[in-house]
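Below is one structure, written out as structure tokens, with a few remarks after it.
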Amino acid sequence: MLHLILFSVFGLVCVAGAINLLVQSHPINSALSLIVVMGSLAVEYLLLGAEFVAAVQVIVYAGAIMVLFVFVIMLLNAGEEERTKGSRVSLLIGIPGMIMGSVLMAWVLITHSGTHAVEAGALPGAPREIAQLLFHEFLLPFEVTSILVLIAIMGAVVLAARPEPLQPEGKN
Amino acid sequence: MVPLSYYLVLSGILFACGVTGFLIKRNIITIFMSIELMLNGVNLSFVAFAAQWHQLSGQVFVFFVMVVAAAEATVGLAIIIAVFRTRETLNVDQVNLLKL
């Protein structure tokens, strides 16, 4: 019962943050509500017994990536975004269609999925088991991601570096 | 105990919010944040299925998604800075030419 209450409270906080991200017009407000979404998702991971994923979610997502976002917003001094008018067809057809589709999908998932309840702590999500899996079965993908991160670092440095002023010809 | 379908519905709502933000937002940074929201929704369903079927590989996949998201955010924000330096705007409607 407590499990369900915690799930509902943090799920509602999560959805509220996601909708607030869409409604706000200033990017810094959107970034802060995205941090709220990620923090409450970490609690959902804890409820699912994934302790290590929850910790990494807070440290990497809510910490590192969002700091990067807020840093860029501050650096570029991003202001309010301009509103553009949407088309009338999307309002008349799209929004009722979207609501109908999502309600239908939720109904199918809840009634016909035939899955039993997820128990708290049913899975050993401790760092030890994760590390066993990560460094034995998934060793090659792990190394490939390290190369990916290296390439991303170099790409970021190349892209964000100020372009050098062109040297005049024959003045070496 | 919470049924798995509740987690899937929550993850679907987050993904739909991300798609909506991607489509309706005009600020390039907010569009990026919508992509992060979509990735978070997918991560939640990964962890829920991992708990459902007692397979830890789902949680390992979440790490790979997080690494890819971090790399994507780094490179994307560098591109945003480069775009802002040449165009002096963050509105995607005004960034409609490949040439300067």
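Bear in mind the structure is a predicted one, so any value in this text is a computation, not a measurement. As a basis for the values below, the full set of heavy atoms in this structure was taken, side chains included, without hydrogen atoms, waters or symmetry mates. Per chain, numbering begins at 1; letters A, B, ... match sequence-line order.
- For the pair L21(A)/S34(B), a side-chain contact is recorded, criterion being any heavy-atom separation below 4.5 Å from C-beta on.
- Using a 4.5 Å cut-off between heavy atoms, F63(B) touches chain A through its side chain atoms alone.
- The contact between A69(B) and chain A is made by backbone and side chain atoms together, counting heavy-atom distances below 4.5 Å.
- Side-chain contact annotation: Q57(A) with N40(B), donor-acceptor N/O pair under 3.5 Å present.
- In this structure, the portions of L44(B) lying under 4.5 Å from any heavy atom of chain A include both its backbone and its side chain.
- Both the backbone and the side chain of A31(A) have a heavy atom closer than 4.5 Å to some heavy atom of chain B.
- In F10(A), the CZ atom is not crowded: 12 or fewer heavy atoms of neighbouring residues, nucleotides or ligands sit closer than 6.0 Å.
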Is there a side-chain contact (heavy atoms from CB on, under 4.5 Å) between F69(A) and E36(B) once you walk through the steps?
CA-CA 11 Å; F69(A) 270 100; E36(B) 297 293 328; 3.9 Å; yes
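- Taking a 6.0 Å sphere around CE of M74(A), one finds it holds 12 or fewer heavy atoms contributed by other residues, nucleotides or ligands.
- Taking both residues in full, the closest heavy atoms of L37(B) and A18(A) are given as CD2-CB, 3.9 Å, listed atom of the first, atom of the second, then distance.
- Highest contact tally toward chain A, considering only I80(B), V68(B), L39(B), N43(B), is held by N43(B) [criterion: heavy-atom pairs under 4.5 Å].
- Both the backbone and the side chain of V75(B) have a heavy atom closer than 4.5 Å to some heavy atom of chain A.
- For the pair F142(A)/V60(B), no side-chain contact is recorded, criterion being any heavy-atom separation below 4.5 Å from C-beta on.
- Ranking V157(A), L76(A), L68(A) against chain B, the residue ahead of the rest is L76(A), based on heavy-atom pairs under 4.5 Å.
- Taking 4.5 Å as the limit, some side-chain heavy atom of F7(A) sits within range of a side-chain heavy atom of L10(B).
- Both L56(B) and F135(A) are assigned to one and the same hydrophobic cluster, defined by single-linkage of ILVMFWY side chains at heavy-atom distances under 4.5 Å.
- When the candidates G155(A), S102(A), P141(A) are compared by the number of heavy-atom contacts under 4.5 Å with chain B, P141(A) comes out ahead.
- In plain terms, the two heavy atoms of V53(A) and M66(B) that are nearest each other are O-CE, 4.2 Å.
- Heavy-atom pairs under 4.5 Å with chain B peak, among V149(A), I153(A), T145(A), at T145(A).
- Between L22(A) and K25(B) the shortest heavy-atom distance is O-NZ, 2.9 Å.
- Counting all heavy atoms, side chain and backbone alike, A50(A) lies closest to V47(B) at CB-CG1, 3.8 Å.
- Proximity to chain A (any heavy atom under 4.5 Å) is shown, for I29(B), by both the backbone and the side chain.
- Using a 4.5 Å cut-off on side-chain heavy atoms (C-beta onward), F52(A) and Q59(B) make no contact.
- For the pair L41(A)/L14(B), a side-chain contact is recorded, criterion being any heavy-atom separation below 4.5 Å from C-beta on.
- Transitive grouping of hydrophobic side chains (ILVMFWY, heavy atoms separated by less than 4.5 Å) brings F49(B) and L48(A) into a common cluster.
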Is there a side-chain contact (heavy atoms from CB on, under 4.5 Å) between L77(B) and F71(A) once you walk through the steps?
CA-CA 10 Å; L77(B) 288 172; F71(A) 181 77; over 6 Å; no
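- L134(A) places a side-chain heavy atom less than 4.5 Å from the side chain of F64(B).
- I13(B) and L12(A) fall into different hydrophobic clusters, defined by Ile, Leu, Val, Met, Phe, Trp and Tyr side-chain heavy atoms under 4.5 Å apart, directly or through other members.
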Quick one, I81(B) with L159(A), criterion side-chain contact (heavy atoms from CB on, under 4.5 Å). Give me CA distance, side-chain angles, the key distance, then yes/no.
CA-CA 8 Å; I81(B) 290 175; L159(A) 282 170; over 6 Å; no
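- Closest of all the heavy-atom pairs between P27(A) and M33(B) is O-CE, 3.5 Å.
- Under a hydrophobic clustering in which Ile, Leu, Val, Met, Phe, Trp and Tyr are joined whenever their side-chain heavy atoms come within less than 4.5 Å, directly or via other members, M38(B) and Y7(B) fall into the same cluster.
- Relative ring orientation between F61(B) and F138(A) is described as perpendicular, the plane-to-plane angle rising above 60° on a 0-90° scale split at 30° and 60°.
- Connection of L148(A) to I35(B) is not established within any shared hydrophobic cluster, with ILVMFWY side chains joined at heavy-atom distances below 4.5 Å, either directly or through further cluster members.
- Across every non-hydrogen atom of T30(B) and S30(A), the tightest pair is CG2-OG, 3.8 Å.
- The candidate with the highest count of non-hydrogen atom pairs below 4.5 Å against chain A, out of A82(B), A78(B), S57(B), is A78(B).
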